[in-house]
Chemist: 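Mind having a look at this structure? Questions to follow.
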Amino acid sequence: MNTGSTPFTHPLINFELPPEVEEILAAAPSVVVPESVEDLRKLSLCDADDLGWHEVAYDVPGQGKVVEANVCRVSNGIAANYVDPYMRRRDPDCMVIGDQRKTDKPKYEDRYGESFDPLRDETFGWLKSQPLAVFPFNAGIQGKGADAMVVGPANAGFFALGLALLQGMIEPDKVPEGFSPKAVIYVAPPFRHTHFEGKQVVVHNRLDGMHELFSYNLYPGPSAKKGIYGVLLTLGEEESWITMHCSTVEVVTPYDSSVVISHEGASGGGKSELLEQVHRQADGSLLLGENIVTGVRRSISLPQACDLHPITDDMALCHPTLDKGTGKLGLIDAEDAWFLRVNHIDKYGIDPTLESLTIHPKEDLLFLNIKAQPDSTALIWEHIEDEPGSPCPNPRVVVPRAAIPNIVDEEVEVDIRSFGVRCPPCTADKPSYGIMGMFHVLPPSLAWLWRLVAPRGHANPSIVDTGGMSSEGVGSYWPFATGRRVDQANLILKQIVETPEVSYILVPNQHVGAWKVSFMPQWITREYLARRNGAKFSEKQVQPSRCPLLGWNPDSIMVESRQIGTRFFNVEKQPEVGVEAYDKGAEILYDFFRSELANFDSPDLDPLGRQIIECCLQGGTVTDYDSLLGGGSLRKK
């Protein structure tokens, strides 16, 4: 073992290392620097037994050998499964802050009663005793983000593979001149057992010129994905830009016109669904909805759907250099691959496009929480069980962007920003906030408020809630941010003010009043708005919604000569709902807004933002909101 008394050198590392990293690598018994993603696939199986299984295990003081995951090669990639069901999804409370900079997030010393520094030193000491794997990557994209690298145990090659696919590893002969890591992920899995009672913990330590991210677990969600998202949000705070939590698609109509739509919202709000073709019934028609009271089903026909050109799936980098001065929002994908959840695919034929793509991929994929055996084919509808009869709710597959059909690689300008909300049913017997029509048009100020409160919504598939409304937090990316809510609120408002040509809509899913609708409102709205070529609505085409928080809504719409009537846009007109239940639902929404907006009562809030919040607290009309910011949300004729 190198004692660290001499400088560390490696023929495949041709950039200056941070001092802490150099000291760790100098002391480690061995250091692997992969030259390609294929090298990481091989590293994922470095100690596979005769049956083809690689066991990711560590000696934990006081516990002995602890197996974290079992990994095998399958015909379509690498499959990794965690032994502990708890490790198969992201713990929403995993983030803590190790430094003393401004933050609204839990600090390490507040949660654990001591400074993070001793554990930081202990982590470095453990890494010095391990065979390591390291490689550089870009957090974001080159020139728009941060130079970064990872340092972790070599036997956790599948974790490194996930990071390389998601963020894009830089091969040794392609490291650009001047590359200098300003963010480092340190991976130390045994510490979740020795220090954190088995819990996932990720510590963000923001130092001068360096963002350290300590991943004390091997699930990529909190670190390789959302941890790097936190790095980008921190950098954006310093440089005054945002990485949006959204999917984005170019929608091309049968008439060759196109519109770019981005869709934001909490997990389960429809980001992935924006990139899916509309789901059809066996006869090719669209099930608009099923009335949960009467059992009536309403279907419409849509002979030809729009073509979809995906742009982003989850993280959209809105760097200032993408602003072309048109008043629209410029963005580009911040990721190299997409971390797709496939819990909704529970049998063959649900999504033929994704099923075909993952069974016969252009390059090997990474499967997590998918039931697979060595040399088999991993099937995305075969989910590992947390216990007998209980499938894991978070099966995932990492799909490189290059494998996505019709992918758009360059930056785009967004015409319409959509916000999605999971809604429960609303009936006269059981009023709820499920009072949203098929879609609503929002003035920019209201669009900002919805991004502040970011409701997590009904029956969320990723987070276990106790019921009722809860918030994902400002921008719907708050779980990943390291700083203060008010700073992010100001950045979002600045972004909206500086992009006056963008239109805003609000779209529910799951229910519209008494109608069970799944994601059909989002799909039909996408088809309808694309056929309008992104044109703004006139004052004659929409009306103020009964609840001002919902902006305006059309009374009905026509899609390819098929009318969708007033009851799908004015929920109070549904006989199963009525005005009284609607108004009770509106009050639920108002109570939620009042509660969440209290988090932004700060002297540092932009004065315009304070005016908008006061408008909400005083029960302002949609005209009041529009006069504060916009004034041109609707065409006057």
Side-chain angles (χ1 to χ4, degrees), residues 261 263-266 268-271 273-274 288-292 298 416-428 430-443 446-447 449-460 468-472 476 503-526 528-529 537 542-557 564-574 576-593 596 616 622 625:
I261 303 174
H263 186 77
E264 300 162 77
K271 291 187 293 297
E273 285 74 15
L274 180 72
L288 186 59
E290 179 177 356
N291 192 298
I292 65 169
R298 169 83 192 280
I416 300 168
R417 287 178 66 173
S418 173
F419 197 90
V421 183
R422 295 182 73 90
C423 285
C426 177
T427 63
K430 193 174 181 181
S432 78
Y433 60 91
I435 60 173
M436 298 174 203
M438 181 162 286
F439 72 87
H440 294 263
V441 179
L442 300 180
L446 257 181
L449 288 184
W450 276 99
R451 283 156 180 78
L452 261 56
V453 302
R456 188 169 284 154
H458 169 72
N460 188 283
M469 294 194 81
S470 60
S471 174
E472 194 88 332
S476 82
S503 297
Y504 299 88
I505 62 170
L506 178 71
V507 184
N509 64 67
Q510 305 313 308
H511 297 89
V512 170
W515 289 81
K516 184 177 180 181
V517 295
S518 183
F519 289 93
M520 197 56 69
Q522 185 173 331
W523 291 324
I524 290 178
T525 299
R526 180 185 66 196
Y528 174 67
L529 295 180
F537 288 87
V542 293
Q543 61 197 13
S545 300
R546 183 176 178 86
C547 174
L549 292 176
L550 303 182
W552 301 280
N553 63 266
D555 186 62
S556 63
I557 63 172
I564 301 175
T566 185
R567 291 180 182 178
F568 280 96
F569 291 95
N570 301 284
V571 170
E572 69 273 19
K573 294 183 180 180
Q574 294 181 12
E576 301 83 9
V577 181
V579 169
E580 183 178 353
Y582 180 101
D583 288 347
K584 288 181 179 178
E587 191 55 37
I588 292 171
L589 267 183
Y590 267 107
D591 287 344
F592 175 70
F593 269 67
E596 292 303 319
C616 175
V622 65
Y625 287 114

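Values reported hereafter were calculated over all heavy atoms of this structure, with side chains retained and with hydrogens, waters and symmetry mates removed.
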Chemist: Between Cys547 and Ile435, which heavy-atom pair has the shortest distance, and what is it?
Modeler: CB-CD1, 4.3 Å
Chemist: Please name the pair of heavy atoms, one in Pro431 and one in Ala581, separated by the smallest distance, quoted to 0.1 Å.
Modeler: CB-O, 3.7 Å
Chemist: Distance from Ile564 atom CD1 to Ile524 atom CD1, nearest 0.5 Å?
Modeler: 4.0 Å
Chemist: Side chains of Arg451 and Tyr504: closer than 4.5 Å at any heavy-atom pair?
Modeler: yes
Chemist: Run the numbers on Arg546 and Asp583 for side chain to side chain contact (heavy atoms under 4.5 Å, CB included), then give the verdict.
Modeler: CA-CA 8 Å; Arg546 183 176 178 86; Asp583 288 347; 2.8 Å; yes
Chemist: If every non-hydrogen atom of Phe419 is compared with every non-hydrogen atom of Pro455, which pair is closest and at what distance?
Modeler: CE2-CD, 4.1 Å
Chemist: Can you say whether the rings of Phe439 and Phe569 are parallel (under 30°), tilted (30 to 60°) or perpendicular (over 60°)?
Modeler: perpendicular
Chemist: What is the ring orientation for Phe593 with Trp450, classed by angle as parallel under 30°, tilted 30 to 60°, or perpendicular over 60°?
Modeler: perpendicular
Chemist: Can you find a pair of side-chain heavy atoms, one from Ile588 and one from Met469, that are under 4.5 Å apart?
Modeler: yes
Chemist: Nearest 0.5 Å, please: how far is NE2 in His511 from OG in Ser518?
Modeler: 9.5 Å
Chemist: Could you check whether any side-chain N or O of Arg422 sits under 3.5 Å from a backbone N or O of Gly268, counting only pairs where one atom can act as donor and the other as acceptor?
Modeler: yes
Chemist: Out of curiosity, Arg567 CZ to Ser556 OG, how far, rounded to the nearest 0.5 Å?
Modeler: 13.0 Å
Chemist: Could you check if a side-chain atom of Ile505 sits within less than 4.5 angstrom of a side-chain atom of Ile261, using non-hydrogen atoms only?
Modeler: no
Chemist: How many angstroms lie between atom CG of Leu274 and atom NZ of Lys271, to the nearest 0.5 angstrom?
Modeler: 10.5 Å
Chemist: Would you give the length of the straight line joining atom NZ of Lys516 to atom CD1 of Ile292, rounded to the nearest 0.5 angstrom?
Modeler: 9.5 Å
Chemist: Mind running side chain to side chain contact (heavy atoms under 4.5 Å, CB included) on Gln510 and Cys423 for me, showing each step along the way?
Modeler: CA-CA 6 Å; Gln510 305 313 308; Cys423 285; 5.6 Å; no
Chemist: Quick check: does any side chain N or O of Thr427 sit under 3.5 Å from a backbone N or O of Lys430, one acting as donor and the other as acceptor?
Modeler: yes
Chemist: How close do Pro425 and Ser432 get, counting heavy atoms only, and between which atoms?
Modeler: O-OG, 2.8 Å
Chemist: Does a side-chain N-to-carboxylate-O contact under 4.0 Å join Glu472 and Arg456?
Modeler: yes
Chemist: With heavy-atom distances below 4.5 Å as the criterion, would you say the side chains of Lys573 and Asp555 are in contact?
Modeler: yes
Chemist: Please find out if less than 6.0 Å separates the ring center of Phe537 from that of Trp552.
Modeler: no
Chemist: Assess the residue pair Leu506 and Met436 against the criterion (side chain to side chain contact (heavy atoms under 4.5 Å, CB included)); give the C-alpha distance rounded to whole Å, side-chain angles, the decisive distance to 0.1 Å, and a yes or no.
Modeler: CA-CA 8 Å; Leu506 178 71; Met436 298 174 203; 4.0 Å; yes
Chemist: Do other residues, nucleotides or ligands put more than 12 heavy atoms under 6.0 Å from Gln543 CD?
Modeler: yes
Chemist: Kindly give the heavy-atom pair with the smallest separation between Val512 and Gly437, and that separation in Å.
Modeler: CG1-CA, 4.2 Å
Chemist: Within the 4.5 Å heavy-atom criterion, are Val542 and His440 side-chain neighbours or not?
Modeler: no
Chemist: I'd like to know whether Leu549 forms a side chain to side chain contact (heavy atoms under 4.5 Å, CB included) with Tyr590, so could you lay out the CA-CA distance, the side-chain angles of the two residues, the decisive distance to 0.1 Å, and finally the verdict.
Modeler: CA-CA 8 Å; Leu549 292 176; Tyr590 267 107; 3.8 Å; yes
Chemist: Tell me yes or no: between the side chains of Asn291 and Gln574, is some donor less than 3.5 Å from an acceptor?
Modeler: no
Chemist: Donor-acceptor check, side chain of Gln522 to backbone of Gly270, threshold 3.5 angstrom: yes or no?
Modeler: yes
Chemist: Restricting to non-hydrogen atoms, name the atom on Arg298 and the atom on Phe568 that form the minimum distance, rounded to 0.1 Å.
Modeler: NH1-CE1, 4.0 Å
Chemist: Measuring from Ile416:CD1 to His263:NE2, what's the distance to the nearest 0.5 Å?
Modeler: 12.5 Å
Chemist: Strictly by modelled atom types, are Asn509 and Glu273 linked by a side-chain donor-acceptor pair under 3.5 Å?
Modeler: no
